[in-house]
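Notes follow the structure.
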Amino acid sequence: MLTPQDVLALCRERGVRAVDLRFMDFPGLWQHFTIPVEKLEEEIFEDGLGFDGSSIRGWQAINESDMLLVPQAETAFIDPFTEITTLCMICNIQDPITREDYTRDPRNVARKAVNYLKSTGIADTCYIGPEAEFFVFDDIRFDQAPQHSYFFIDSNEAQWNRGTDMKRAGDGPNLGYKLRHKEGYFPVPPADQLMNLRNEMMMTMIECGLDVEAQHHEVATAGQSEIDLKYNDLVQMADDMCLFKYIIKNVAWKHNKSVTFMPKPLYGDNGSGMHTHISLWKGGQPLFAGGGYAGLSDEAIYAIGGILTHAPAILAFTNPTTNSYKRLVPGYEAPVNLAYSQRNRSAACRIPMYSPSPKAKRIEFRCPDPSSNPYLAFSALMMAVIDGIQNKIHPGEPLDKDIYDLEPEELAKVPSTPGSLGEALAALSRDHEFLLRGDVFTQDVINTWITYKQKNEVEALALRPHPYEFCLYYDM
């Protein structure tokens with residue numbers, strides 16, 4: 001836990017010349033500005049630095065735009081990509097007049113969520129372990145205008161390049177070893193052409209203080225990958241995910257490749273999820289281990305009940321884009337079934353059975369995707385868990401059968417996830433009282449999220465012709 005004095009000493013020891021101040025905007029992108037290291041004084045850690053909050057998406061109106069960034073010393077790290085030595089810190093956001101933490105600051109929501117957990121007496125720690133998948137592309141082009149709309153993706157390891165004349169394209173000979181659709185999981189090089197790139201991403205993360213567990217190729221044909229971090233407490237893991245994405249994007253950029261955390265960029269192949277593991281601990285002891293189904297405690301069963309009950313509303317934060325629901329479709333591994341199981345990966349909640357240790361007992365919520373704002377997604381998930389435990393919401397019987405083999409009458413009894421972002425936002429509008437407890441998600445945050453997403457994404461997409469509509473209807 002670095003102090004402001006430690007940060008100033010680190011700047012001197014490492015020859016830091018610039019200090020980068022970062023924060024998360026409302027939808028979920030890291031923002032920043034930079035000051036010369038000479039301007040970093042100990043008072044700044046208390047007084048903060050001013051900026052224009054009206055220029056940040058979903059934040060202040062122009063007539064009340066002044067806001068403060070307050071650097072958090074414990075988040076400091078040396079940027080591995082800048083040409084001059086630069087120290088980065090994550091900041092909290094405050095109102096300059098009242099000095100209150102800003103309600104729409106996603107990191108503030110996460111901090112309040114953890115404080116609320118402690119106040120309930122249920123637990124003192126919430127551990128989160130996300131498994132974020134992503135795509136690495138060699139070329140990406142897209143545009144949207146009144147008279148045209150398109151995207152074009154390319155990947156050197158993709159199946160569609162088996163017959164490409166790479167010499168004509170200026171990329172040297174075509175050496176084969178292209179990944180067939182849905183066969184990208186765990187192949188060794190040369191079929192896996194991204195191992196060295198992922199290793200560099202992994203080592204850069206370790207150098208920046210992240211605890212990496214594994215990296216590997218994922219199922220899709222075109223550069224789909226996964227790097228897993230060891231679980232951490234909720235706020236720290238949300239901070240880690242910001243750095244995680246930053247490193248992945250910039251290592252790829254350095255090698256003339258492009259990364260996207262968009263959940264479904266390819267038609268007909270796997271999308272990218274962010275299976276999120278959650279467990280509660282108290283006094284250093286795990287609360288989810290017990291003698292019930294799959295070795296779960298009563299608290300864990302009720303936690304699952306809370307997740308499944310509130311899942312349609314939770315998805316407004318864990319699956320927050322229109323593209324998210326092109327991944328969550330029936331008939332594929334992505335879970336649309338609001339059920340739980342100890343091994344069934346098509347159920348929304350899975351209980352991993354890799355280890356008999358009570359410390360390993362956790363719930364895996366398989367719906368989320370990596371386009372989500374981690375502070376809001378993890379907080380919403382934990383608030384549902386708390387509600388399930390407080391109200392002893394039982395999830396019913398587990399669904400250990402192969403869901404794809406169920407009879408239609410039996411399958412119809414299994415609730416499913418929303419079919420679109422609009423449906424998830426409508427669910428959030430109906431069901432958000434559990435999020436308001438402890439003033440974690442304020443009513444203003446809920447209303448602003450729904451309004452922003454509905455106007456800027458749901459309605460914006462609905463108004464625009466889709467290229468496939470021309471394939472279907474142009475000759476009508």
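Sequential numbering from 1 along the given sequence is applied to the chain's residues.
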Determine, stepwise, if the pair Met205 / Leu243 fulfils side chain to side chain contact (heavy atoms under 4.5 Å, CB included).
CA-CA 8 Å; Met205 290 179 189; Leu243 180 54; over 6 Å; no

CA sep, side-chain torsions, deciding dist, call: Leu338, Thr417, side chain to side chain contact (heavy atoms under 4.5 Å, CB included): CA-CA 7 Å; Leu338 296 180; Thr417 57; 3.7 Å; yes

Is there a side-chain hydrogen bond (donor to acceptor under 3.5 Å, both in side chains) between Gln236 and Asp240 once you walk through the steps? CA-CA 6 Å; Gln236 182 63 58; Asp240 289 350; 2.8 Å; yes

- I would like to know whether Phe261 and Phe244 meet side chain to side chain contact (heavy atoms under 4.5 Å, CB included); could you show each step before the answer? CA-CA 11 Å; Phe261 290 92; Phe244 173 89; 4.0 Å; yes

| field | side chain to side chain contact (heavy atoms under 4.5 Å, CB included) evaluation trace for Met195 with Asn199 | value | CA-CA 6 Å; Met195 181 175 179; Asn199 276 340; 3.9 Å; yes

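Taking the six-membered ring for Trp and thresholds of 30 and 60 degrees, His310 and Phe434 have nearly parallel ring planes, at less than 30 degrees apart. Using a 30° and 60° split on the angle between ring planes, Trp160 and His181 fall in the tilted class, from 30° to 60°. Ring pair Phe137/Phe135 is parallel by interplanar angle, where below 30° counts as parallel and above 60° as perpendicular.
Using a 4.5 Å heavy-atom threshold, the side chains of Thr204 and Asn250 count as separate. Using a 4.5 Å heavy-atom threshold, the side chains of Asp431 and Pro312 count as separate. For the pair Arg464 and Gln144, the minimum side-chain heavy-atom distance is below 4.5 Å. Between Leu315 and Leu328 the shortest side-chain heavy-atom distance falls below 4.5 Å. Asn270 places a side-chain heavy atom less than 4.5 Å from the side chain of Lys182. Looking at heavy atoms from C-beta onward, Ile278 lies out of side-chain contact with Phe365 at the 4.5 angstrom threshold.
Look at Lys112 and Asp101 and you find no salt bridge, because none of the NZ, NE, NH1 or NH2 atoms lies under 4.0 Å from a carboxylate O. In summary, Arg107 and Asp239 engage in a salt bridge, as defined by a charged side-chain N under 4.0 Å from a carboxylate O. Between Arg437 and Glu433 a salt bridge is recorded (basic side-chain N to carboxylate O distance below 4.0 Å).
Between Tyr102 and the choices Asn108, Asn92, Ile93, the side chain to side chain contact (heavy atoms under 4.5 Å, CB included) rule is met once, by Ile93. Checked options Asp139, Asp138, Asp154; the residue passing with Lys257 is Asp138 (criterion: salt bridge (charged side-chain N to carboxylate O under 4.0 Å, His left out)). Exactly one of Phe317, Tyr116, Trp449 qualifies for a ring pair (Phe, Tyr, Trp, His ring centres under 6.0 Å) with Phe441. That residue is Phe317.
The aromatic ring centres of Tyr127 and His277 sit 6.0 Å or more apart.
Cation-pi geometry between Arg104 and Trp59 is not satisfied (NZ or CZ under 6.0 Å from the ring centre, within 45° of the ring normal). For Arg141 and Phe152, the positive end sits near the middle of the six-membered ring, less than 6.0 Å away and at most 45° from its axis.
Donor-acceptor pairing under 3.5 Å is lacking for the side chains of Ser225 and Gln215. Remark: the Asn323 side chain and the Thr321 side chain contain no N/O donor-acceptor pair separated by less than 3.5 Å. A donor-acceptor pair shorter than 3.5 Å cannot be found between the side chains of His217 and Gln193. Counting only N and O atoms by type, the side chains of Ser324 and Asp369 include a donor and acceptor under 3.5 Å apart. Between the side chains of His432 and Gln443, a donor-acceptor pair is found at a separation under 3.5 Å.
Using a distance-only test at 3.5 Å, with no hydrogens or angles considered, a donor-acceptor pair links the side chain of Glu133 to the main chain of Gly273.
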